Amino acid sequence: GDNEPYGLFEYAQLEALFPEGHPYRHSTIGSMADLDAASLETVRNWFRDNYGPNNAVVVLSGDIDAATARPLMERYFGAIARGPVNTPAEADVPTLAAPVVAVMQDRVAATRLTRSWAVPGLLSDDAVPLSVAASVLGGLASSRLDNQLVRGEQTAVQVSSYLSEFHRVGIFDISVNVKPGEDAAAVGARLDAIVADFIARGPTAEEVARVATQYVSRRIQSLEQVNGKANVLAEGQLYAGDPDHYKKELAAYASVTPAQVTAAMQ
């Protein structure tokens, strides 16, 4: 991943958004430096410390019942000893003293402009409104940034906007690949103006409905598959302590309003 275009961006982004000592400052997938420094014993100890039956979630999805499943679970997994107690790190959403501006150089075809904000995590009341906002701005083919910068003014060749939801915090990202030959500073100013207008005035009811319908459709489609059911139930139990948490998310998307989206963005 480091060798891909813009592949080193995440390291700089996390260091800019999160202060020293914050659990999310270092990429959870690690870096080449982490891999190069790790011995075989380092890897083994990491698994011993973090992977145990007392912090695992097992989902049985398909044509099986509890009476059949429990003896099988005990036979195959019952002898595995408990591991160390794993207490997930608490992490607050940081507020920067001032905006951070950084420039990175790379051998890529187009200049990329990125705007990033640290926001609340996936259990926050703002998570669904922020996700909807991201899709309205740049998550759909009919999004505002696509319509204005790519198709309308034709100063960008690609745009995206998305919410990366983690347990404790999230990252709201907007990125624009500037069309070669265009003035990146001017495109950046135009991007900021579009975002400022969106924050001030919010989305339309039609935009919110379009995004919510797409999300609900994708979620229902995933629930029609056995693996999709298993993943949704496991994530709900792991992060929310509730395997049915997905139902609350579906209800939140189905009922989200333009006012909620505007308030979350502001």
Side-chain angles (χ1 to χ4, degrees), residues 1-57 82-108 111-128 130-131 133-134 137-139 160-177 195 231 234-241 245 264-265:
D2 290 359
N3 288 332
E4 295 175 357
Y6 317 102
L8 299 177
F9 165 75
E10 184 191 18
Y11 301 121
Q13 176 195 43
L14 296 178
E15 288 183 5
L17 283 177
F18 301 106
E20 288 281 357
H22 195 284
Y24 287 82
R25 182 177 171 89
H26 192 73
S27 170
T28 51
I29 202 171
S31 65
M32 281 306 303
D34 296 328
L35 293 175
D36 290 339
S39 67
L40 181 58
E41 196 59 22
T42 301
V43 177
R44 285 175 172 160
N45 284 335
W46 196 89
F47 274 87
R48 293 184 187 118
D49 290 344
N50 293 282
Y51 280 72
N54 46 303
N55 70 328
V57 175
R82 290 177 61 88
V85 174
N86 188 301
T87 304
E90 294 292 337
D92 59 354
V93 180
T95 299
L96 300 175
V100 175
V101 178
V103 178
M104 301 181 70
Q105 303 291 340
D106 202 354
R107 297 174 63 186
V108 293
T111 297
R112 174 173 291 178
L113 307 173
T114 305
R115 306 290 187 262
S116 302
W117 291 265
V119 297
L122 56 84
L123 299 182
S124 163
D125 290 341
D126 283 338
V128 167
L130 287 173
S131 178
L137 267 176
S160 68
S161 176
Y162 53 92
L163 175 67
S164 298
E165 296 177 285
F166 308 117
H167 194 185
R168 308 296 186 189
V169 302
I171 299 177
F172 192 105
D173 270 313
I174 301 171
S175 69
V176 172
N177 285 8
V195 174
N231 289 337
E235 288 175 358
Q237 178 62 35
L238 179 66
Y239 295 120
H245 181 69
M265 287 293 289

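The structure displayed is predicted, hence computed values, not measured ones. Both backbone and side-chain heavy atoms feed into the values below; hydrogens, waters and symmetry mates do not.
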Undergrad: Sequence neighbours left out, what passes side chain to side chain contact (heavy atoms under 4.5 Å, CB included) with N3? Give chain and number order.
TA: none

Undergrad: Can you confirm whether R115 sits close enough to V195 that some side-chain heavy atom of one is under 4.5 Å from a side-chain heavy atom of the other?
TA: no

Undergrad: Could you tell me which residues satisfy ring-ring contact (aromatic ring centres under 6.0 Å, His included) with Y51, sequence neighbours excluded, listed by chain and number?
TA: W46, F47

Undergrad: May I have all residue pairs that pass salt bridge (Lys or Arg N to Asp or Glu O under 4.0 Å) and include part of residues 96-106, sequence neighbours excluded?
TA: none

Undergrad: Identify, with sequence neighbours excluded, every residue that meets side chain to side chain donor-acceptor pair (under 3.5 Å) alongside S160.
TA: S175

Undergrad: Suppose we screen for salt bridge (Lys or Arg N to Asp or Glu O under 4.0 Å). Which residues come up paired with E4, at least two apart in sequence or across chains?
TA: none

Undergrad: According to ring-ring contact (aromatic ring centres under 6.0 Å, His included), who are the partners of Y239, at least two apart in sequence or on a separate chain?
TA: H167

Undergrad: Which atoms form the tightest heavy-atom contact between R168 and Y24, and what is the distance?
TA: N-OH, 3.1 Å

Undergrad: Kindly list each side-chain donor-acceptor pair under 3.5 angstrom involving residues 88-96, sequence neighbours excluded, with atom names and distances?
TA:
none

Undergrad: Restricting to side chain to side chain donor-acceptor pair (under 3.5 Å), what partner residues turn up for N50, sequence neighbours left out?
TA: N86

Undergrad: Tell me every residue that passes side chain to side chain donor-acceptor pair (under 3.5 Å) with S31, counting only those two or more places apart in sequence or in another chain.
TA: D34

Undergrad: Taking only residues two or more places apart in sequence, or in another chain, which ones meet R44 in a salt bridge (Lys or Arg N to Asp or Glu O under 4.0 Å)?
TA: E41

Undergrad: Scan residues 20-30 for pairs that pass salt bridge (Lys or Arg N to Asp or Glu O under 4.0 Å), counting only residues two or more places apart or in two chains.
TA: E20-R25

Undergrad: Which residues pass the side chain to side chain donor-acceptor pair (under 3.5 Å) test with E165, not counting sequence neighbours?
TA: none

